[in-house]
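What follows is one structure encoded as structure tokens, with my remarks underneath.
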Amino acid sequence: MKNVVIVYESSYGNTHVVAEAIADGLRPAHHVDVMAVSHVDPILVGRAELIVVGGPTHVHGMSSPRTRAGAVDAASHSDGKLQLDADAAGPGLREWFD
């Protein structure tokens, strides 16, 4: 049984759903922790034998503070059609990788 950490960034919840689905597939054989990039536990990541990372694409690349702000703005003007993921306004993978 391996220690697996899944780190995700999600604007509207889609990548969060995918992260949970990957975790569900791995859990029968491994210990899996799923966490938003804004809540990464460095100790768990340091102990991981496998790290799965995923995030949305914004403007044909990784999100940035500017594109994340744009996603928040789009949700606020969508008449409820877009719902932000709970951690959407936090830091993204680009900053975490740095």
Restricting to non-hydrogen atoms, name the atom on [X] and the atom on [Y] that form the minimum distance, rounded to 0.1 Å.
| X | Y | result |
| --- | --- | --- |
| K2 | E49 | CA-OE2, 3.3 Å |
| H31 | M1 | N-CG, 3.5 Å |
| G92 | E9 | CA-OE1, 3.3 Å |
| A19 | V34 | CB-CG1, 4.2 Å |

Exercise. Among side-chain atoms of T67 and H58, is any donor-acceptor pair under 3.5 angstrom?
Worked result: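 T67 vs H58: donor-acceptor pair found between side chains.
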Could you state the interatomic distance from [atom1] ([X]) to [atom2] ([Y]), rounded to the nearest 0.5 Å?
| X | Y | atom1 | atom2 | answer |
| --- | --- | --- | --- | --- |
| E95 | S38 | CD | OG | 11.0 Å |
| L84 | S11 | CG | OG | 7.5 Å |
| D33 | H39 | CG | NE2 | 14.0 Å |
| T15 | I6 | OG1 | CD1 | 12.5 Å |

Exercise. Taking everything shown except D98 itself, do over 12 heavy atoms lie less than 6.0 Å from its CG?
Worked result: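 Result for CG/D98: enclosed.
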For this session: Verify, without hydrogens or angle tests, whether Y12 (side chain) and A71 (backbone) share a donor-acceptor contact under 3.5 angstrom.
Result: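 Yes, the answer is positive, given that a donor and an acceptor are paired below the 3.5 Å cut-off.
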Problem set entry | Members sharing V45's hydrophobic cluster (side chains within less than 4.5 Å) |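 Via sub-4.5 Å side-chain contacts, V45 links to V5, V7, M35, V37, V40, L44, I51, V53, M62, L93, W96, F97.
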